[in-house]
Amino acid sequence: MKVYKFGGGVLKDASNMRQLIPLMKKENGPLVVVVSAFGKTTNALEKVAENYYEKTGRAAMILSDIRKLHDEMAQELFPGREDEAFSQLSGVFGSLETFMALAPRGSFNRIYDRIVSCGEMLSSLLVSAWLNRNGILNRWIDIRECLLTDDCYRDGKIQWAVSEERVKNVFLRENDGISVTQGFLGATADGHPVTLGREGSDYTAAVLAAMLDAEKVVIWKDVPGVMNADPQWMDTGEKLEEISYLEAVELSYYGAKIIHPKTIKPLENKKIPLYVKPFANPEAPGTLIHQIQRKMDLVPVYIRKENQVLITVLPRDYSFVVEESLGKIFSLFNRYRLRVNLVQNSAISISLCVDGRKDKVEKILAGLQKEFNVKYNTGLELITIRHYTPEAIARVLDGKTVMIEQRTRGTVYFLLKA
Ligand code: ASP
Ligand code: MG
């Protein structure tokens with residue numbers, strides 16, 4: 001069993017959908033194909049959710065643009081409109097429109113998941129139909145019936161044991177074939193869709209691979225492999241041939257966008273290798289992430305996280321930030337599931353750098369302000385360099401103001417005012 005994951009960056013237009021055919025023609029299975037939403041659909045659906053929830057009157061219009069894009073793609077792929085895919089797409093849009101015809105009820109996050117989950121439903125239906133049309137016979141599987149999560153909407157936690165049983169039952173039923181399913185999604189026990197965190201399709205691929213004891217996972221990308229910097233930020237042109245699970249965890253933890261941070265653990269547990277390969281050149285080696293014991297000489301790897309917030313907490317009486325206060329502070333971040341990217345403490349304060357998730361940050365600030373004096377700065381960037389050199393540091397600092405700097409033997413972090 002192999003697991004292939006195609007992201008929105010590669011599944012973005014009819015021409016790439018055509019390129020999928022020669023790549024998939026070589027596969028006879030058993031193979032699980034995990035897809036995320038086409039192109040920027042998830043971002044657009046987020047806008048639909050926000051506008052619907054805030055009753056701006058614009059939600060239907062944004063949704064109709066999304067519908068138009070999917071329709072155009074379907075028409076290009078299936079001229080004559082006779083394919084079943086059309087009625088399937090219509091079904092997804094129709095039920096969403098029915099849902100949105102009523103006034104919003106319940107929490108925003110729950111509504112978000114109902115709306116945003118449609119992106120993967122649409123893309124998987126279209127990919128499955130397109131492969132079938134081209135003789136690559138496959139089963140479409142509704143992952144919401146397999147991956148059971150808790151009800152932490154937008155950040156669902158998979159209930160492993162039940163999910164594993166369902167996944168095995170469903171995916172191993174016709175063991176030698178190809179299945180097409182959705183990344184990024186699961187559902188609560190009562191069937192409400194739950195998303196697994198933005199960019200979560202890689203994680204889905206890893207989870208399915210682990211549950212099915214796959215021999216490997218391939219993430220098909222629009223880049224040659226894992227680069228040592230995000231090419232859209234800093235074009236170094238350097239690709240990493242091979243990295244260990246540990247290195248990959250470090251890279252994704254600090255925000256390397258190439259793979260979702262949660263992806264590695266399920267694979268590492270079962271020692272399943274992960275390939276990141278270029279969709280445009282399937283024969284190229286890409287990057288291999290696997291178990292490596294030997295010591296490796298690695299080039300500097302640059303990671304940038306934008307939109308960071310630095311929160312500085314000072315006890316009212318200027319006492320040291322003792323363990324008790326620290327516990328309280330961290331439990332607030334934990335309650336709102338906001339990860340702390342960097343911590344710096346001094347005699348009278350503790351500073352924490354977190355992602356600028358406005359919804360969560362506001363709640364945390366309100367909580368902290370009840371007991372402490374709090375200061376904060378927004379719009380910062382956190383740069384991490386693994387395997388740093390003096391030249392690598394000079395390259396990123398270039399005229400910027402450093403708010404916090406931390407170094408370990410292998411890694412340096414700079415919190416910068418952009
Ligand atoms: N479509 C989702 C997102 O854009 C999941 C993914 O792409 O992995 O966040
Ligand atoms: Mg996506």
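Atoms within each ligand, like the ligands themselves, are counted from 1 in listed order.
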Check your understanding: Between Tyr52 and Phe99, is a ring-ring contact (aromatic ring centres under 6.0 Å, His included) present by the stated rule, with each step listed?
Key -> CA-CA 10 Å; Tyr52 166 66; Phe99 171 78; 5.7 Å; yes
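With a 4.5 Å cut-off on side-chain heavy atoms, Met17 and Lys12 do not count as touching. Side-chain contact check for Phe108 versus Tyr153: every heavy-atom pair is 4.5 Å or farther apart.
Between Ala74 and Leu126, the shortest heavy-atom contact is CB-CD1, 4.0 Å.
Under a 4.0 Å heavy-atom criterion, Gly119 is not in contact with ligand 1. For the ligand labelled ligand 1, residue Ala37 lies inside the 4.0 Å heavy-atom shell. Heavy-atom distances between His260 and ligand 1 stay at or above 4.0 Å for every pair.
By the 3.5 Å distance cut-off applied to N or O atoms, Lys5 is not counted among the residues near ligand 1. Considering both main-chain and side-chain atoms, Thr42 comes within under 3.5 Å of ligand 1 through a nitrogen or oxygen pair.
Those atoms of ligand 1 that come under 4.0 Å of a heavy atom in Glu120, given as number and element, are 1 (N), 2 (C), 5 (C). Near Arg198, the atoms of ligand 1 lying under 4.0 angstrom from a non-hydrogen atom of the residue are 3 (C), 4 (O), 9 (O).
The number of heavy atoms from other shown groups lying within 6.0 Å of OH (Tyr376) does not exceed 12.
Between Arg18 and Glu76 there is a salt bridge, since a side-chain N of the basic residue sits under 4.0 Å from a carboxylate O of the acidic one.
Residue Ser201 touches ligand 1 through backbone and side chain together, judged by heavy-atom distances below 4.0 Å.
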